[in-house]
Number of protein chains: 2
Amino acid sequence: MVASKVAQRREARIASIVEAAWSLAHEQGIQVFSLRDLATEVGVQQPSLYTYFDSKNALYDAMFADGNQQLLETLDSVDLPDDAEAALKVCLRVVADFAVEDPERYSLLFSRVIPGFEPSAESYAVAQEVLGHVVVAADAAGVTNQGDIDCLVAVTAGLIDSQMSNEPGGDRWLQHLDRMIDLLVDDATNRSVR
Amino acid sequence: MVASKVAQRREARIASIVEAAWSLAHEQGIQVFSLRDLATEVGVQQPSLYTYFDSKNALYDAMFADGNQQLLETLDSVDLPDDAEAALKVCLRVVADFAVEDPERYSLLFSRVIPGFEPSAESYAVAQEVLGHVVVAADAAGVTNQGDIDCLVAVTAGLIDSQMSNEPGGDRWLQHLDRMIDLLVDDATNRSVR
DNA sequence: ATCATTACCTATCACTGATAGGAAGTCAAG
DNA sequence: CTTGACTTCCTATCAGTGATAGGTAATGAT
């Protein structure tokens, strides 16, 4: 069952709109770019966007899925070292770099800056897939307990968030990422063997 | 130099507006409550609010200072145990409870959810005073290195944020707060004596 | 009692996301 | 090739937002 010509065209159009939306988000901010500006960028009138998205939040949902897909591909493209803990470090470092690289994307994916926006089940599934990568890496490094994984994720997120909020572009907080991972992994493995 | 009658009345009026704003923020969300609704709540027409605040962001600034002042008073009112590490734990637990207690306040104080809002120097100073409390407690517990303090703060923030984002009202993440503090304090002290 | 200041009003602005309803274009079946 | 359904896009318009202009009444210090 091939995608019909119409469906293909529609899909491509949606992708181009999402791309233009990212561009505007970078220029003006993810929360404040207007659908009129987006329509202009795409060469169309504002109400025409509603042919593709039921609401601005539906557009955000597509961007959310797209952003997580980007992260997924980034994670897949990196080749991990054999040592499991080193691999975990690389994995989380990739996430941190991905976040720092694009603050607006970070806002949409990891902060709750859009009032009323909740990712759809489909988009959320992509985000879960990303989390799955981290869980696999943590598991391989001996961090199998759910609570320990939660801490690992939360600590990484905390460092990323502090970094971006207080010193965007610097490394005052993220320089400690590897050490924090060491601490957590050691603690987790120690407690699991006792 | 006593405050003039006019200044007193004005100050009280501002306080009552800020209070009403918090109330609306709780009902509708910190980002989306409208100045018209706020004006109605206060018994006034919307443009009249501009007598007290130059913009909605100026109102947010007053709320930001007010919220940090609340946290400051909460921290001051708690009496800490003699043991320095225990005191640090209590201190950070109080911050966590304060955050969880009021998500909208948390959003304004610790997330960046209001586009274009930057706290004024005066309001930021109150936030710095809060941070000062934590730094003092950390210092007493032997966490004197700036990097270690940064980690302590970031980790606490990470746990709070994960908790509120993923399981508001629960304790899946915050149950690990004390253990994380233990880890960080131990690591910090160990590295400082080597 | 006067008068400047403060507080509040009405009217209106530009802009936002969203909806209604119609016209043109596109594609596939007969 | 023509027909007819579907898709895409348009104009016009809506209610709601933060913000500004300009005028009026209340207030308090002199």
Side-chain angles (χ1 to χ4, degrees), chain A residues 1-21 24-25 27-64 104 108 113-118 120, chain B residues 1-21 24-25 27-64 104 108 113-118 120:
Chain A
M1 162 160 175
V2 303
S4 76
K5 204 168 179 179
V6 175
Q8 273 186 324
R9 185 184 51 192
R10 184 181 176 83
E11 201 172 338
R13 194 90 174 106
I14 287 180
S16 78
I17 294 175
V18 167
E19 191 179 2
L24 273 181
E27 289 171 24
Q28 309 181 5
I30 187 84
Q31 316 169 66
V32 300
F33 77 88
S34 75
L35 294 183
R36 276 171 179 81
D37 282 355
L38 177 57
T40 301
E41 194 88 357
V42 177
V44 98
Q45 293 297 317
Q46 176 252 351
S48 300
L49 292 176
Y50 284 79
T51 305
Y52 302 101
F53 304 99
D54 286 343
S55 65
K56 198 181 183 184
N57 275 0
L59 169 65
Y60 282 133
D61 193 58
M63 296 173 79
F64 180 89
E104 299 302 324
L108 180 61
V113 296
I114 313 291
F117 169 65
E118 287 282 334
S120 64
Chain B
M1 159 160 178
V2 304
S4 76
K5 204 166 178 179
V6 175
Q8 272 185 326
R9 185 183 54 194
R10 183 181 176 85
E11 201 172 336
R13 194 90 174 106
I14 286 180
S16 78
I17 294 175
V18 167
E19 191 179 2
L24 274 180
E27 289 170 25
Q28 310 181 3
I30 186 81
Q31 315 168 68
V32 299
F33 78 87
S34 75
L35 294 183
R36 278 172 178 79
D37 282 355
L38 176 58
T40 300
E41 194 88 357
V42 178
V44 100
Q45 294 295 318
Q46 176 250 353
S48 300
L49 293 176
Y50 284 79
T51 304
Y52 302 100
F53 303 100
D54 286 343
S55 65
K56 196 182 186 185
N57 274 1
L59 169 64
Y60 282 133
D61 193 56
M63 297 173 79
F64 179 87
E104 298 303 324
L108 180 61
V113 296
I114 312 293
F117 169 65
E118 288 282 332
S120 64

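Each chain gets a letter, A, B and so on, in the order its sequence line appears, and its residues count up from 1.
Among the heavy atoms of the strands lying under 4.0 Å from B:Tyr52 are primed sugar atoms or P, OP1, OP2 only; no base atom is included. Residue-level contact check: A:Phe53 touches neither bases nor backbone, having no heavy atom under 4.0 Å from any strand.
Within the structure, a side-chain polar atom (N or O) of B:Arg13 is placed less than 4.0 Å from OP1 or OP2 of C:dC8. For the pair B:Gln46 and D:dG18, the criterion of a side-chain N or O lying under 4.0 Å from OP1 or OP2 is not met. Dashed line: the shortest gap from a side-chain N or O of A:Ser34 to OP1 or OP2 of C:dT16 is under 4.0 Å. Under 4.0 angstrom from either OP1 or OP2 of D:dT8 there lies at least one side-chain N or O belonging to A:Arg10.
B:Leu59 pairs in a side chain to side chain contact (heavy atoms under 4.5 Å, CB included) with only one of the listed residues (B:Leu49, B:Leu38, B:Ile14), which is B:Leu38.
Distances from the side chain of B:Tyr50 to the nucleotides C:dC8, C:dC27, D:dG18 place D:dG18 closest. Nearest nucleotide to the A:Val44 side chain, out of C:dT6, D:dC10, C:dC9: D:dC10. Considering only side-chain atoms of A:Thr51, the nucleotide from D:dC10, D:dA19, D:dT8 that sits closest is D:dT8. For A:Ser48, the side-chain atoms get nearest to D:dC9 when compared with the rest of D:dC9, D:dG18, C:dA18.
No donor-acceptor contact under 3.5 Å links the side chain of B:Arg36 to the base of D:dG16.
In this structure, B:Lys56 forms no cation-pi arrangement with B:Phe117, as its terminal cationic atom is not both closer than 6.0 Å to the ring centre and no more than 45° off the ring axis.
The local environment of CD in A:Glu27 is crowded, with over 12 non-hydrogen atoms from other residues, nucleotides or ligands closer than 6.0 Å.
Residue pairs satisfying the side-chain hydrogen bond (donor to acceptor under 3.5 Å, both in side chains) criterion with at least one member in residues 32-47 of chain A, sequence neighbours excluded, are listed as follows: A:Gln28-A:Asp37.
Ranked by how close their nearest DNA chain C nucleotide is to the 5' end, A:Asp54 and A:Asp37 are led by A:Asp37. Of the two residues contacting DNA chain D, namely B:Ser55 and B:Arg9, the nearest-nucleotide position lying further toward the 5' end is that of B:Ser55.
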